[in-house]
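Data block below; observations after.
None of the values given here were measured: they were computed from a predicted structure. This chain uses plain numbering: 1 for the first residue, then up along the sequence.
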Amino acid sequence: MTESFESIGPRGTHLPRRARRIRGADGDLAVFEWGDPRGVPLVLMHGLSDTHLVWREVATLLADDFRVVAYDARGHGDSETPSGASAFRLDRMADDLFAVVDAVSPNRPAHVCGHGWGAIQGWEAVCDPRANTRIASFTAISGPNLDHLGAQLRELAARPHRIRRLATDRKFWRHGAGSARTAALRVTYPPRVRTWLIERLGGIPAAHAPIAPTWRADLLTGARIVHANLVPRLVCPRPRSTAVPVQMVVDTTDVLVPPFLYYGSARWVDRLWRCSIPADHWLPSTDPLLVAEAVGNFVEDLAAADSSMPRG
């Protein structure tokens, strides 16, 4: 069941033009839209401690060509917070994505893009059998598949010499081995120190990132999501494959998600594209045009390829 609120933002601004509440797997989700309701559906998923606001620049850039939909993940922003640790497992969050896709695009599959833990949620969804008919493509930004990463780490653990070599291989890490120590900070920092982290950890110019008034509650929810998923998926990885076309946008200067975290996914994805760019972790905020071009070009290339295939 959905409840619609029309025209919340005027044309020509970065505000969404429509909003609604959609019933997710364990509560209502706040959903926001840009662009023509008849356009190609594109669903955007934010990371921990963020809300749909992180996508407003990207969504505005894509609104001419897509029906852009961004929603607050459960426990974030204006979406409801379910109770119980199991409510924050990736499979339950993937159910939310499918609920949004079914509500906004019941008759055609939607393209999906996720950033950070939004990308991790997207990986969970595209490896679900439902994705074969409901998700047209997936773009992952700064977020690996945790099961693929877990399998990769287990293989490395069986070859200690490989770990020692990689730990000192600056080309492999792109920032040197010391960068791995900063990864844990991604789930503990308040958004108000985001600029400080960008400057201190990466030497990257400061960039504004939208901060929702619910950031304290969002931060707590983010910690619950990490607790429910990170260790279980890395320690006991599942075989997770997908036939959905996947584009990995790899930030080669990302100090929080080193490029090597993505390498294990190639064997599990039938159609995989890798777009490597010298950008920081908060790419939707720091360079929304680059994100919009990456997503738009990927969808356009897939459409061209599909149209050129002979029909039976």
Using side-chain hydrogen bond (donor to acceptor under 3.5 Å, both in side chains), reason through H76 and T51 one step at a time and then give a plain yes or no. CA-CA 6 Å; H76 291 74; T51 66; over 6 Å; no

Taking C-beta and beyond as the side chain, do H148 and R240 meet within less than 4.5 Å on heavy atoms? yes

Testing the basics here: between P82 and R74, what is the closest heavy-atom pair and its distance to 0.1 Å? CG-NH1, 3.8 Å

For the residue pair N132 and A243, what are the closest heavy atoms and their distance? OD1-CB, 4.2 Å

For the pair H52 and W34, name the ring-plane relationship: parallel under 30°, tilted 30 to 60°, perpendicular over 60°. tilted

Within this structure, what is the [atom1]-[atom2] distance for the pair [X] and [Y], rounded to the nearest 0.5 Å?
{"X": "L97", "Y": "Y71", "atom1": "CG", "atom2": "OH", "result": "4.5 Å"}
{"X": "T242", "Y": "F138", "atom1": "OG1", "atom2": "CZ", "result": "9.5 Å"}
{"X": "Y263", "Y": "M248", "atom1": "OH", "atom2": "CE", "result": "9.0 Å"}
{"X": "N145", "Y": "I120", "atom1": "CG", "atom2": "CD1", "result": "8.5 Å"}
{"X": "E33", "Y": "L42", "atom1": "CD", "atom2": "CG", "result": "11.5 Å"}
{"X": "D50", "Y": "W55", "atom1": "CG", "atom2": "CH2", "result": "9.5 Å"}

Strictly distance-based, threshold 3.5 Å: is any side-chain N or O of [X] a donor or acceptor partner for the main-chain N or O of [Y]?
{"X": "S49", "Y": "D218", "answer": "no"}
{"X": "R67", "Y": "V104", "answer": "yes"}
{"X": "Q247", "Y": "T139", "answer": "no"}
{"X": "R21", "Y": "D78", "answer": "yes"}
{"X": "S105", "Y": "R108", "answer": "yes"}
{"X": "R18", "Y": "G35", "answer": "yes"}
{"X": "S79", "Y": "G75", "answer": "no"}
{"X": "D72", "Y": "A30", "answer": "no"}

Identify every side-chain donor-acceptor pair in residues 224-239 under 3.5 Å, counting partners at least two apart or on other chains, and give the distances.
from : atom 1 : to   : atom 2 : distance (Å)
N229 : OD1    : L90  : N      : 2.8
N229 : ND2    : F88  : O      : 2.8
N229 : ND2    : I225 : O      : 2.7
R233 : NE     : D147 : OD1    : 2.9
R233 : NH2    : C236 : O      : 3.0
R238 : NE     : D147 : OD1    : 3.3
R238 : NE     : D147 : OD2    : 3.2
R238 : NH1    : E124 : OE2    : 3.4
R238 : NH2    : E124 : OE1    : 2.7
R238 : NH2    : D147 : OD2    : 2.7

Side-chain heavy atoms under 4.5 angstrom apart, residues restricted to Ile, Leu, Val, Met, Phe, Trp, Tyr: same cluster for [X] and [Y]?
{"X": "V58", "Y": "L283", "value": "yes"}
{"X": "V112", "Y": "F298", "value": "no"}
{"X": "W268", "Y": "V244", "value": "no"}
{"X": "F260", "Y": "Y262", "value": "yes"}
{"X": "V299", "Y": "W273", "value": "no"}

Between D26 and R92, does at least one N-O distance fall below 4.0 Å, as a salt bridge requires? yes

One thing to verify: whether R130 and D95 come together as a salt bridge, which I'm taking to mean a side-chain N less than 4.0 angstrom from a carboxylate O. yes

Could you list the residues that satisfy salt bridge (Lys or Arg N to Asp or Glu O under 4.0 Å) with D102, not counting sequence neighbours? R134

Determine, stepwise, if the pair W282 / S142 fulfils side chain to side chain contact (heavy atoms under 4.5 Å, CB included). CA-CA 8 Å; W282 292 277; S142 299; over 6 Å; no

Only one of D254, T253, D251, T286 passes side chain to side chain donor-acceptor pair (under 3.5 Å) with H281; say which it is. D254

Check against side chain to side chain contact (heavy atoms under 4.5 Å, CB included), I277 and V250: CA-CA 6 Å; I277 54 176; V250 180; over 6 Å; no

Going through the checks in order, is the side chain to side chain contact (heavy atoms under 4.5 Å, CB included) test met by R20 and I22? CA-CA 6 Å; R20 64 168 69 179; I22 290 175; 3.5 Å; yes

One pair to check against side chain to side chain contact (heavy atoms under 4.5 Å, CB included): D128 and W123. What are the steps and the verdict? CA-CA 9 Å; D128 185 294; W123 277 112; over 6 Å; no

